[in-house]
Amino acid sequence: MRLSKLVGKRIKEIPKDAQTTSHILLVRGGYVRQVSTGIYTLLPLAKRIKSKVEAIIRQEMNNIDGQEILMPVVLPSELWEESGRLHTVGPELLRFSDRNKKEMILGMTHEEAVVHAVRTDINSYKQLPVMLYQIQTKYRDEARPRAGLIRVREFTMKDAYSFHTSQDCLCAYYQQVHDAYENIFKKIGFKNVVSIQSDPGMMGGNTSHEFMAIADCGEDTIFMSANGEYKANRDIAQSCLHHSIEKKLPLEKVHTPGKKTIDEVAKFLGVPTSKAGKAVFYADGNDNVIFVVIRGDIDVNEVKLKNYLNTQDLQFATDEQIRKIGCVSGYASPLNIDFEKTRVIFDQSAAKEFNLIVGANEEDYHYKNFNFSREMATVTDKIDTVDLAVVKEGEPCPVTGEPLVLKRGIEIGNIFQLGTKYTDSMGCSYLDQKGKSQTMIMGCYGIGVGRIIASVIEQSNDKFGPIWPFSIAPYHVHICAINSKKPEVKQAAENLYSKFLVEKIEVIYDDRTEKPGSMFNDADLIGVPLRIIISPKTLDRKEVEFKTRDGSRKEFIPLESITEFIKAEIDCRSQ
RNA sequence: CGGGGCGUAGCGCAGUCUGGCAGCGCGGCUGCUUUGGGAGCAGUAGGUCGCAGGUUCGAAUCCUGCCGCCCCGACCA
C-alpha cells in the first residue's frame, strides 16, 4: 500500500472528543471515525487489524471443533418472546417494527437465534456435542457509550454456543474454550489478560468467567491477590475480614436521641462504625421486604444479594414498607422481628462480630452488645447468613490472606455455562439412546473484537502511537523514503516496494515527499513493527536503515540483502 | 435518566460577558526553496457560526425551544 493513497489521514491535534489513549490514537492515526455516539466506521488500517484478530479467533474456534455460521442481525421479536428475554431485557435491546408492523429487534446476542438453528437441525444424541460460532455485528442501545471503541453500541463480536447431553460434557468443553481463549489472547499479543470468575447476570446460568485486559481506563474492577492466585470481579469478590474475639457483654438498651445513621450512632457512643450493625431494607416487585444486617463500615453488594435471592428486581424499601413490617426507620433492629413479615439476611460480617450496636426498634433507642450467636440463637433457622459485602482494596484475600489488590480491566471476552435456560424455554431437545426426549445443555462464549483493538493499544503504546504486536499489525513492514525527490532514492524505494509486493510481504510504503519528521511521526502512529528507511545518506553506503517500532533494534543492512533479511525477520515472528 | 461541559472552515480553537466587516493555527491546493523527528516564502480555495423561532436598525453574540457530541453518575451478556 502506498501511504499517499491510504484513506484515513493522520491528525496532529488531540481530537476534542477523545480522552483515553486508545481512542485518541485510533482517531489520530486514521483508524476509525465516529459516525454517531458509540457508532464507528473502521477505516482501512483498523479493518486490517480487525481481520487479523478474527483470523486468530477463527483458527482457535475451529481447533476446538467449532463450526462457523452466520445468523441475522435483525431478528423477529417472537424468538425473544419464547425465551422470555423480550420482557426481561431492558431498553438496551433495540426494538422496532417493519413495514407490516411486525415486531423486530436488533440482535444484541444470539442465544435465541442459535437455539432456533440447533432445534431445527439437530435432533439426535449422535450429533452432540456441537459448537457453532459466528463473527457478527451486534447492536446494544447502550445508555452511555464511551472511550472510543471500548464501549460502543454497534460492534463485532465472536459469539459461540455449545450444546451437550450432560453437565460433565459441558464442563469439559467449557475448559477447552477457556484454554482456547488463553491461546487467542496470547497469539494476539496482549501483555496482560486475566480470566476471573464473574457474575452471570442476565445471561443466566451458573459458572462464568470474564477475560479482562488490564488497563487503567477499564470500567471493570478486579480484585486480585498479589500472586494472582485469587481473581474475581467486584460483583462476586470476597474477603476474609478479621474478627477479634471479645468477651460477650450483656445486652444493654441505650438512649440515642435523634441518632439515626451509623455515623451518628457510632460517634455518639464512641465506637468505630465497624462495631455497629447496619440495617438495610430492600423490596422486590411483589412487595416482599428483605431486611439485611451488615457491619456498619461495609456496604451491601446488591449483585450478591440479587443472586442470592435469585431476582433482578430489587430496590431500596420505602419508609412505608419498612413500617409495615414493624420496623422503625433509623432504629431498626433484628431483635424481636416478625419473621412472617420479612425475610432477614445477615451478612457474615455482622453475624461474626462481637458486641455490636443495633437498633431497638424504638424511636431514639439502640442496643449495645448484640451478639448474633447469643441473641439469635433461637431463630437461626429463620435467618440466612451469607456473604453480601462490597469488598474493598486492602482487605485480606480469601485464599492467600494477603491484602487484595484492585485493578481496572476491559472485559474482552466471557464464557458462561448456561445450562438449560434457553433450551428449556425454547424447546431445544434431542432423542437419547433410549429414544427419549432430553433437553440440551448449553454454554455460550463471547469475544469483543473491537474492544480487543482498543485494549491492545491501551497495553502497548508510547507517546508517538500504538506499538502493534506483529500478529495483528496492519502491515509488517513500513518503508520510509526520505528525500524521494532525489531520483536515486525514489528508484531504490520503488524497487524495494515492488520486490516486497512480489514476495507477498505486507508492506506500506511512504512514497510522499514529506519532511523526515512528518514521515517518522506518521509511521509511529501507524505502528508497523518493522521499518526500513531509505535516504541519500544510506544509499551512499549502499545500505538501508532497519528499525523496530518498539525501539529494540536499529541497524544498517546492505541494500542487496534487505529482502532476505526482512523475510527472515518476518518468518521468525510468524512461526 | 440525573449532574456538568461543549457546538464557529476538514481538525484544534479565539470571538459570545459588553450586539456593529467571519478570525487564528494546523491541514488542503499551486509554485519555488528545503529533506534524519511534524520546514520556509508567496499565492489560493474553504463558513447555514448546530437547528428553529423571537428581540433589535443590526444577532455567532441577547431570549425561548429543540438537536447533537463529550465527561461524571445511574445502567450495562
Side-chain angles (χ1 to χ4, degrees), chain A residues 8-20 23-24 27-28 30 33-39 83 85 88-93 107-112 138-148 150-153 155 157-161 198-205 208-211 217 219-220 233-235 302-303 312 315 411-418 421-422 443-448 451 463-465 480-486 489-490 510 512-525 531 533-539 544-545 547 551 554 556:
Chain A
K9 62 186 171 202
R10 272 74 53 208
I11 298 168
K12 208 187 286 187
E13 282 99 358
I14 293 175
K16 190 175 59 163
D17 292 347
Q19 327 276 328
T20 56
H23 191 189
I24 290 169
V27 175
R28 283 197 51 218
R33 298 290 180 238
Q34 188 177 60
V35 177
S36 180
T37 302
I39 298 181
S83 72
R85 279 208 294 187
T88 56
V89 173
E92 61 268 25
L93 178 66
M108 54 188 285
T109 170
H110 280 76
E111 283 75 17
E112 286 81 359
K138 298 278 186 282
Y139 186 89
R140 290 182 194 176
D141 219 5
E142 290 284 351
R144 185 151 100 77
R146 68 189 109 183
I150 290 172
R151 188 161 204 82
V152 290
R153 292 193 288 177
F155 58 100
M157 175 168 158
K158 184 285 299 175
D159 47 324
Y161 309 88
S198 66
D199 165 53
M202 86 161 198
M203 294 299 296
S208 65
H209 284 80
E210 289 168 347
F211 288 79
C217 72
E219 14 176 40
D220 293 291
N233 78 6
R234 187 212 296 268
D235 296 336
E302 291 183 16
V303 176
Q312 290 301 308
Q315 306 90 35
E411 185 185 349
I412 52 175
N414 54 29
I415 55 180
F416 297 87
Q417 291 187 18
L418 288 176
K421 175 176 158 128
Y422 297 92
C444 77
Y445 320 94
I447 291 180
R451 273 187 179 185
K463 65 176 175 175
F464 298 108
C480 291
I482 288 173
N483 199 353
S484 63
K485 275 190 182 159
K486 294 224 156 101
V489 173
K490 176 87 175 158
D510 193 343
R512 304 168 304 167
T513 53
E514 290 294 320
K515 298 279 286 186
S518 304
M519 296 180 118
F520 294 151
N521 278 295
D522 278 351
D524 288 341
L525 267 176
R531 187 178 306 174
I533 302 156
I534 302 178
S535 72
K537 255 191 253 174
T538 66
L539 286 179
V544 298
E545 185 184 340
K547 262 176 102 169
K554 174 177 154 77
F556 292 88

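Hydrogens, waters and symmetry mates are skipped; everything else that's a heavy atom, side chains included, is used. So you know, we letter chains A, B, ... as the sequences are listed, proteins then strands, and number each from 1.
- In this structure, B/G7 and B/C67 make a Watson-Crick or G-U wobble pair, each of the two defining distances being under 3.5 angstrom.
- With sequence neighbours excluded, no residue satisfies side-chain hydrogen bond (donor to acceptor under 3.5 Å, both in side chains) with A/Lys9.
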Listing time: all N or O pairs from protein to nucleotides 9-13 of chain B that are below 3.5 Å?
from  : atom 1 : to      : atom 2 : distance (Å)
B/G12 : OP1    : A/Lys16 : N      : 3.2

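- Among the heavy atoms of the strands, none lies under 4.0 Å from A/Ala523.
- Here A/Lys537 pairs with nothing under the side-chain hydrogen bond (donor to acceptor under 3.5 Å, both in side chains) rule; sequence neighbours left out.
- Residue contacts for A/Thr37: at a heavy-atom cut-off of 4.0 Å it reaches the sugar-phosphate backbone alone, with no base atom in range.
- If you check every strand for non-hydrogen atoms under 4.0 Å, A/Gln34 touches sugar and phosphate atoms only.
- With sequence neighbours excluded, no residue forms a side-chain hydrogen bond (donor to acceptor under 3.5 Å, both in side chains) with A/Glu13.
- Listed by chain and number, the residues in a ring-ring contact (aromatic ring centres under 6.0 Å, His included) with A/Phe211 are A/His178, A/Tyr181, A/Phe185 (sequence neighbours excluded).
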Every protein N/O lying under 3.5 Å from an N/O of nucleotides 32-34 of chain B:
from  : atom 1 : to       : atom 2 : distance (Å)
B/U34 : O4     : A/Lys485 : NZ     : 2.8

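- For the salt bridge (Lys or Arg N to Asp or Glu O under 4.0 Å) test, residues two or more places apart in sequence or in another chain that qualify with A/Lys490 are A/Glu494.
- Every salt bridge (Lys or Arg N to Asp or Glu O under 4.0 Å) that A/Asp141 has, sequence neighbours left out, goes to A/Arg153.
- For the side-chain hydrogen bond (donor to acceptor under 3.5 Å, both in side chains) test, no residue two or more places apart in sequence or in another chain qualifies with A/Arg28.
- A/Ser36 comes within contact range of the sugar-phosphate backbone alone, with a heavy-atom separation under 4.0 Å but no base atom that close.
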